Structures are given as structure tokens and as C-alpha cells.
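Notes follow the structure.
Starting from 1, each residue takes its place in the sequence as its number. Keep in mind that this is a model prediction, so the values were computed, not measured.
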Amino acid sequence: MAKSAFLKSSIAKKYWMALTGLFLCLFLVGHLIGNLQLIFADAKAFNDYAVFMTTNPAVKILSYLTYASIIFHAIDGIVLTVQNQKARPVKYAMNKPSKNSMWASRNMAVLGTVILIFIVTHMVNFWARMHFDENMPLASKEVTNMGGTQKVAVGVLGSPTPMVPVREDGTLDPALLKQYNLKQVHVTTIVDEKGEEVFKGTKDLHKITVDFFKHKEYGLIATLLYVFSMIVLGFHLYHGFGSAFQSLGANNPKYNKGIKGFGYAFAIIVPALFAAIPLYIHFLLK
């Protein structure tokens with residue numbers, strides 16, 4: 001078979017679907033470990049983790065690879081679905097799909113579409129705010145000053161941390177900066193009148209995450225939609241994990257049962273732990 005023909009074949013597309021899917025499974029594990037700090041660690045630990053994930057060169061490369069994998073996985077899935085429908089334009093007269101295949105396997109395109117919508121909205125609400133929102137709050141702590149208590153911004157690891165007061169929402173007060181001849185040139189960066197950096201703060205991803213799921217008007221809805229999306233992800237993984245190994249040719253009676261069992265456990269445990277995070281924030285976090 002010619003190389004170009006192979007690249008256009010359904011077999012090649014299934015290989016790529018399997019490889020990108022398994023890579024995204026690894027991403028889910030890493031992302032879950034980081035996000036579980038919202039339950040088992042404090043705000044500083046989670047914000048330091050966010051700084052590491054957005055500044056480390058190796059992590060940045062993995063991030064770009066993840067974005068590419070998501071896009072490729074989605075497009076490949078759409079193309080395969082269209083090809084399968086064209087290959088069988090007329091349904092069989094005697095067709096009982098419920099007896100021949102699992103519900104998840106027959107609805108992978110629908111499940112994938114819901115997950116893609118979730119990813120887009122999730123990135124808009126968190127990733128985009130973290131990177132582009134000029135009103136992103138800074139991580140802060142309360143200190144006792146002159147007999148009173150005030151909130152001050154805290155800096156990234158290794159940077160100077162002077163007492164820089166912040167407003168209740170975590171943002172810097174321009175009037176106060178002007179009083180001391182300081183200027184905010186970036187969400188996190190303050191320079192003096194000579195243009196020299198005097199402070200570099202930490203974006204408070206912990207705060208915007210907690211505020212999102214505890215919002216008085218839409219917090220409960222956001223939490224339930226997140227949980228629903230994780231249920232959908234579970235069904236998608238339920239079929240996709242084992243199917244990926246099968247597409248790659250890992251089909252042997254000796255370890256098929258183990259792969260299937262591990263895939264089922266993965267499809268339950270990982271989405272369940274993800275779903276536990278917003279539930280904990282909305283209902284239990286004080």
C-alpha cells in the first residue's frame with residue numbers, strides 16, 4: 001500500500017486515535033494529581049503548582065503536545081465516524097445493537113462531543129483567565145500591621161515579597177501604587193519610578209477556582225455540570241481505553257482480561273476523583 005494511501009486509511013486513523021487517546025489518559029492522571037491539591041493541600045501549594053505548570057519549559061512543551069492531541073483526537077474521531085456511516089449507508093434489516101455492542105461504543109461520537117464542549121468551557125473559565133485576565137487576583141495573606149489586619153500580596157518562589165496591600169478581591173489598588181510612585185506593568189508585576197521590578201506576585205488560581213464553584217448564583221449549576229461531564233468522560237474511557245489497545249494490536253488472551261479490568265477501574269476512579277473536587281469545594285470547603 002502506498003504511504004499516502006496508508007495515511008488516509010481507517011487503520012492509520014485508528015492508530016492515531018489510540019495513541020492520542022492513551023496520551024490523554026496520562027495527561028488526565030497528571031492533571032488529577034495536581035488538582036487534588038484543592039482538597040488535600042492549602043492555597044499556597046496549589047498556586048505554587050500553577051506557577052510551575054505555567055513556567056517550566058518541559059511542562060510547556062507537554063502542554064502544547066496535549067493541546068495538539070486533543071484537537072487531533074477530536075478531528076480523527078469525527079472523520080472515522082463519517083467514514084463508518086458512509087461505509088454502511090443502509091442499516092441491516094435485523095439489527096439489535098444492544099446485544100452486539102456496549103452503549104458507550106455506539107455513542108462515542110456523542111460522548112466525545114460533550115467532552116470537547118466541556119474542555120472548551122473549562123479552558124475559558126480557568127486557563128484563559130489564568131493567562132489573559134488583567135483583573136486576575138493575586139495570592140495574598142493576612143498580616144498584622146500597626147495593630148490592625150490587612151491583606152498583602154505574596155510573591156512567587158524566590159522573588160522579593162514586600163508588603164504590597166491588595167483589595168478584598170485580590171487585585172492591586174492603583175491609587176495606593178501611585179502614592180508610592182509605583183506602577184503595575186503586568187497582572188503580577190510592579191516596577192518603581194526607574195522601571196525596575198520591585199515585586200512579582202503569584203496569580204491566585206485557587207481563589208478563582210473556589211469562587212467559581214461556590215458562586216451564589218451559578219456555583220451549584222457549575223458543580224453539577226462538572227460532575228455530569230465526568231460521568232460522560234467515564235463512559236468515554238470505559239470503551240476507549242480497551243479499544244485503544246485493541247487498535248494497536250495488543251490483543252492476547254493472556255492479558256486482555258487485565259487490560260479490560262484496568263480500563264474499567266481507570267474509567268471509574270479517575271472521573272470520580274475529578275468530580276469529587278467541585279463537590280468538595282461547593283459543599284464542604286469553608
Grab the two heavy atoms, one from [X] and one from [Y], that are nearest each other, plus how far apart they are.
X: Ser69; Y: Thr20; answer: O-CB, 4.1 Å
X: Ala109; Y: Thr81; answer: CB-OG1, 3.8 Å
X: Pro271; Y: Gly234; answer: CG-CA, 3.7 Å
X: Val166; Y: Leu172; answer: CG1-CD2, 3.8 Å
X: Met130; Y: Ala50; answer: CE-CB, 3.8 Å
X: Ala153; Y: Phe199; answer: CB-CZ, 3.7 Å

Give the cluster check for [X] versus [Y]: same hydrophobic cluster or not, with ILVMFWY residues linked at side-chain heavy-atom distances below 4.5 Å.
X: Leu225; Y: Leu220; answer: no
X: Val164; Y: Tyr180; answer: yes
X: Leu24; Y: Val120; answer: no
X: Ile281; Y: Ile33; answer: yes
X: Tyr67; Y: Val124; answer: no

Is there a donor-acceptor pair under 3.5 Å between the side chain of [X] and the backbone N or O of [Y]?
X: Thr202; Y: Gly155; value: yes
X: Thr121; Y: Ile117; value: yes
X: Asp76; Y: Met17; value: yes
X: Asn56; Y: Val59; value: yes
X: Thr189; Y: Val185; value: no
X: Asp204; Y: Asn47; value: no
X: Lys260; Y: Gly242; value: no

Ring-plane angle category for [X] and [Y], please: parallel below 30°, perpendicular beyond 60°, tilted otherwise.
X: His215; Y: Tyr218; value: parallel
X: Tyr226; Y: Phe118; value: perpendicular
X: Phe241; Y: Phe245; value: tilted

So [Y] and [X], do their side chains get closer than 4.5 Å, heavy atoms only?
X: Trp127; Y: Phe132; value: yes
X: Tyr15; Y: Leu248; value: yes
X: Asp192; Y: Leu182; value: yes
X: Pro165; Y: Asp173; value: no
X: Leu28; Y: His31; value: no
X: Phe266; Y: Val29; value: yes
X: Leu38; Y: Tyr280; value: no
X: Phe213; Y: Ile277; value: no

How many angstroms lie between atom [atom1] of [X] and atom [atom2] of [Y], to the nearest 0.5 angstrom?
X: Glu134; Y: His186; atom1: CD; atom2: NE2; result: 6.0 Å
X: Lys214; Y: Phe283; atom1: NZ; atom2: CZ; result: 9.5 Å
X: Lys200; Y: Leu138; atom1: NZ; atom2: CG; result: 10.5 Å
X: Arg167; Y: Ser140; atom1: CZ; atom2: OG; result: 13.0 Å
X: Ile259; Y: Tyr264; atom1: CD1; atom2: OH; result: 12.0 Å
X: His73; Y: Ile115; atom1: NE2; atom2: CD1; result: 8.0 Å

* Under the side-chain contact (heavy atoms from CB on, under 4.5 Å) rule, what do Arg129 and Phe212 come out as? Steps first, then yes or no, please. => CA-CA 12 Å; Arg129 284 202 66 187; Phe212 182 79; over 6 Å; no

* To do: Show your working on side-chain contact (heavy atoms from CB on, under 4.5 Å) between Ile11 and Lys14 and close with a plain yes or no.
  => CA-CA 5 Å; Ile11 295 175; Lys14 287 181 180 179; 5.8 Å; no

* To do: List the steps and the verdict of side-chain contact (heavy atoms from CB on, under 4.5 Å) for Phe46 and Asn35.
  => CA-CA 8 Å; Phe46 183 73; Asn35 283 6; 4.2 Å; yes

* To do: Return yes when atom CZ of Phe228 has more than 12 non-hydrogen atoms of other residues, nucleotides or ligands closer than 6.0 Å, and no otherwise.
  => no

* What do the steps show when you test Lys183 against Leu177 for side-chain contact (heavy atoms from CB on, under 4.5 Å), and what is the final call? -> CA-CA 6 Å; Lys183 182 179 180 182; Leu177 293 177; over 6 Å; no

